[in-house]
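Numbering of residues begins at 1 and proceeds along the displayed sequence.
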Amino acid sequence: DCTADPPYLPPTATNTTERLAALRGAMRTHGAHAYIVPSTDAHMSEYISERDARLGWLTGFTGSSGTVVVTQDKAALWTDSRYWTQAERELDCNWELQRTTSIESIGMWILKAVPVGGNVSLDPFLFSIGTWNSYSRALHGSGRTLLPLEINLVDQAWGDQRPLPSSSEIYSLPAEFTGSSWQEKVAGIRQRMEQHVRRPTAVLLSGLEETACEYPPCRGGARTGAVGSSPRGGRAVAMTVAAARTEVSFLAGLFNLRGDDIPYNPVFYSYALLTNTTISLFVEGSRLSAAARESLRSGCPGPLCVELQGYEQVSAHLRRYAQGNVTVWLGTEYTTYGLYRVIPQEKLLEENYSPVMMAKAVKNAHEQELLRAAHVRDAVAVIQYLLWLEKTVPQGQVDEFSGARHIDALRWSEHSRGPSFQSISASGLNAALAHYSPSNGSSRTLSAREMYLFDTGGQYLDGTTDITRTGGCPGTTCSPHGAPQEAYTRVLMGNIDLSCLIFPSNTAGRTVESFARRALWDVGLNYGHGTGHGIGNFLSVHEWPVGFQSNNVPLGAGMFTSIEPGYYQDGEFGIRIEDVALVVKAQTEVGDTSLWQHQSGEEPFLTFEVVSLVPYDRNLIDLSLLSPQQIRYLNSYYERIRALVGPELRRQRLEEEYGWLQENTEPFPVSGAATATAAAGTLALASLLSVLLSGLGA
């Protein structure tokens with residue numbers, strides 16, 4: 001209650017008066033009339049370290065996405081709809097909450113709050129090139145100056161209380177868990193450089209996945225900005241979070257190295273500059289394990305010798321390099337403006353994505369098998385959890401927080417390295433918040449009378465997993481009727497329709513994602529988040545640029561993506577069904593007759609192979625809504641779960657779980673399907689596809 005004297009703050013809010021006073025003092029010292037603070041780090045990561053949580057420290061807001069502007073007498077936070085309720089609970093009376101993420105909105109606010117002649121400052125190493133340009137356009141001709149300050153003013157205000165940088169060891173990934181050696185990867189990038197019409201002399205890698213990534217040498221879901229994030233506020237904002245985090249893991253992957261600088265992501269802070277004859281890695285060298293250092297130096301002297309330089313030296317090195325007759329290739333979507341402005345414009349080769357990011361989007365055959373194996377073991381943990389829920393929920397012994405901790409613990413098995421993100425464990429009305437995660441101090445008890453959604457994943461040496469299942473009345477055999485059951489069934493129908501879709505090579509994900517929504521649209525329902533995101537091999541659980549958003553790359557064989565339609569009834573329940581799927585070549589033949597007469601050289605059609613292997617809640621499936629084709633798909637999927645997960649359960653001597661699996665993967669009767677609806681649905685799908693694909697060449 002901000003009208004009280006003194007204002008009343010709930011226990012969820014943080015008093016930020018002193019923090020703002022310290023920041024405003026630094027602003028006065030540096031002549032800044034307004035200061036912009038993002039929620040990202042110098043690599044624009046989605047998940048960030050405590051040391052880089054500047055926005056969170058300044059505001060008390062713990063959401064993963066937001067932008068702050070502070071003047072001498074005002075302070076405001078912009079965030080998307082996932083976090084509006086959370087922000088209301090966490091912001092104190094010093095802050096205004098702006099329910100949008102658009103830079104246009106931020107610019108208008110600044111123009112009202114900052115007088116003509118004022119300086120609007122920011123740290124250029126925390127903003128992408130596109131975001132900087134968007135702010136520049138918003139302020140152009142207004143009489144206000146966009147002023148980059150390389151001294152971060154929040155860090156000055158934070159002072160000695162700011163957490164120290166990570167000192168943990170950076171280690172080499174065992175050879176059996178890599179798709180190819182780092183030397184092969186470097187050779188592949190150099191080959192791409194030689195083949196490019198501009199013949200660049202160097203590639204700048206800013207993202208942490210680029211030095212860690214797995215890819216053959218030659219690529220927006222429910223927890224990213226896609227969830228409930230409409231309105232998104234422009235392409236630059238949409239790209240900043242997801243694309244940059246992928247860059248972070250790229251750096252870890254290029255050299256087959258891993259670290260733990262960022263929660264849930266096995267990456268480390270670094271940059272790299274790769275030329276035709278040299279390799280420079282900017283990292284805290286003292287943190288490298290002996291094996292990692294030996295691997296990097298094994299090619300010395302020579303073109304495969306990795307020169308180690310300090311993390312802070314990247315700007316100075318890049319400035320010196322750019323003085324020569326060079327061309328530097330970089331990806332504009334995730335390179336910070338701070339690095340970008342070091343290089344003269346005429347010496348830049350700018351593309352949306354670096355060659356590393358594009359190459360790592362496609363997993364080679366070995367990486368595909370690694371990810372499949374990780375999902376088999378992950379399914380065991382999820383099945384153990386579902387059986388545990390059936391036993392404990394009716395006794396009132398489980399709350400959201402303890403449930404999340406339990407499934408995280410179940411994943412600690414062979415090759416496990418912890419969760420791949422903060423587990424979402426949401427009961428009843430909390431599940432209607434797509435991004436909800438419980439805390440120890442605020443957690444609902446799971447009830448046999450409520451819906452329960454859990455969205456969890458694991459990091460394994462052989463892959464990263466991400467799966468969502470929703471249950472109705474967990475722990476009982478009740479079968480809720482009405483809105484929850486129909487909504488669940490229609491979400492499942494969308495998952496099935498997209499999973500078994502056949503489509504041409506190089507089809508954009510945005511072109512086909514409507515198939516995941518069609519069953520909901522039929523009855524006037526929808527969901528406000530993206531339909532899926534790419535996923536890494538022991539890297540980021542959200543891996544750019546694969547997915548179904550307008551700024552994702554076209555789908556190609558070897559890409560992994562989640563498929564996760566949902567539905568959220570405010571104040572009542574939420575439903576999401578998420579599987580990870582591999583894009584594979586489709587079998588477009590019946591007998592000896594080809595369904596498609598391919599022209600010479602035409603690429604094959606594609607489809608999805610679902611690698612998540614956990615059955616859906618039988619009590620919530622209304623068979624009368626499903627077509628015979630959808631039921632046959634379910635039965636085939638369940639057969640595959642039995643064939644792949646059953647032996648692993650027995651190998652681990654989990655006989656009770658094996659029995660549970662057999663019971664919950666019993667085939668469904670096809671006779672219960674709505675055949676008339678199926679025929680109409682098939683025609684509707686065909687019609688929708690023809691319309692969507694008509695613009696494929698655009």
Side-chain angles (χ1 to χ4, degrees), residues 10-13 62-63 82-90 222-223 227-228 381-412 418-458 466-485 487-488 491 566-578 614-621 656-657 660 664:
T12 53
T62 59
R82 292 174 297 162
Y83 296 115
W84 292 346
T85 300
Q86 181 177 338
E88 288 173 345
R89 296 173 179 174
E90 294 179 339
R223 290 176 311 282
V227 175
V382 179
I383 288 169
Q384 288 179 283
Y385 183 61
L386 288 168
L387 177 59
W388 178 77
L389 287 176
E390 286 189 3
K391 293 179 177 179
T392 56
V393 168
Q395 303 171 21
Q397 298 178 351
V398 185
D399 61 23
E400 296 165 330
F401 184 74
S402 64
R405 294 190 64 179
H406 188 69
I407 192 169
D408 287 347
L410 288 171
R411 283 193 166 94
W412 277 104
S420 57
F421 55 93
Q422 183 177 2
S423 293
I424 294 174
S425 173
S427 176
L429 57 86
N430 284 341
L433 302 173
H435 195 263
Y436 173 84
S437 291
S439 64
N440 197 18
S442 176
S443 180
R444 288 171 57 88
T445 299
L446 303 193
S447 169
R449 297 182 298 275
E450 289 186 326
M451 301 282 284
Y452 174 61
L453 181 156
F454 64 98
D455 182 349
T456 63
D466 184 4
I467 187 170
T468 306
R469 290 294 182 262
T470 305
C473 302
T476 76
T477 58
C478 75
S479 178
H481 293 283
Q485 186 178 29
Y488 181 94
V491 169
Y567 175 71
Y568 309 91
Q569 183 68 45
D570 288 346
E572 296 184 24
F573 62 87
I575 297 164
R576 187 162 62 252
I577 298 174
E578 176 185 16
V614 177
Y616 311 114
D617 192 321
R618 300 178 74 90
N619 296 322
L620 284 171
I621 300 175
E656 187 177 9
E657 286 79 1
W660 183 95
N664 284 274

Any chance you could measure [X], atom [atom1], to [Y], atom [atom2], to the nearest 0.5 Å?
| X | Y | atom1 | atom2 | value |
| --- | --- | --- | --- | --- |
| Tyr616 | Ile577 | OH | CD1 | 7.0 Å |
| Asp617 | Leu386 | CG | CG | 8.5 Å |
| Thr470 | Met451 | OG1 | CE | 6.0 Å |
| Asn664 | Glu657 | CG | CD | 12.0 Å |
| Asp570 | Leu429 | CG | CG | 10.0 Å |
| Tyr83 | Leu433 | OH | CG | 11.5 Å |

Please examine the side chains of [Y] and [X], heavy atoms only from C-beta on, and report whether any two atoms are closer than 4.5 Å.
| X | Y | answer |
| --- | --- | --- |
| Tyr452 | Ser447 | no |
| Val382 | Phe454 | yes |
| Phe421 | Asp455 | yes |
| Thr456 | Arg411 | yes |

Flag, side chain of [X] to backbone of [Y], donor-acceptor distance under 3.5 Å:
| X | Y | answer |
| --- | --- | --- |
| Ser443 | Phe401 | yes |
| Tyr488 | Gly472 | no |
| Ser402 | Val398 | no |
| Arg576 | Thr468 | no |
| Glu400 | Ser427 | yes |

| query | Can you tell me if CZ on Arg444 sees more than 12 non-hydrogen neighbours from other groups inside 6.0 Å? | reply | yes
| task | May I ask you to check whether Gln569 and Tyr567 show a side-chain donor-acceptor distance below 3.5 Å? | result | yes
| query | If every non-hydrogen atom of Arg469 is compared with every non-hydrogen atom of Val614, which pair is closest and at what distance? | reply | NH2-O, 2.7 Å
| Partner set under ring pair (Phe, Tyr, Trp, His ring centres under 6.0 Å) for Phe573, not counting sequence neighbours | none
| note | Applying side chain to side chain donor-acceptor pair (under 3.5 Å) to Thr62 and not counting sequence neighbours gives Gln86, Glu90
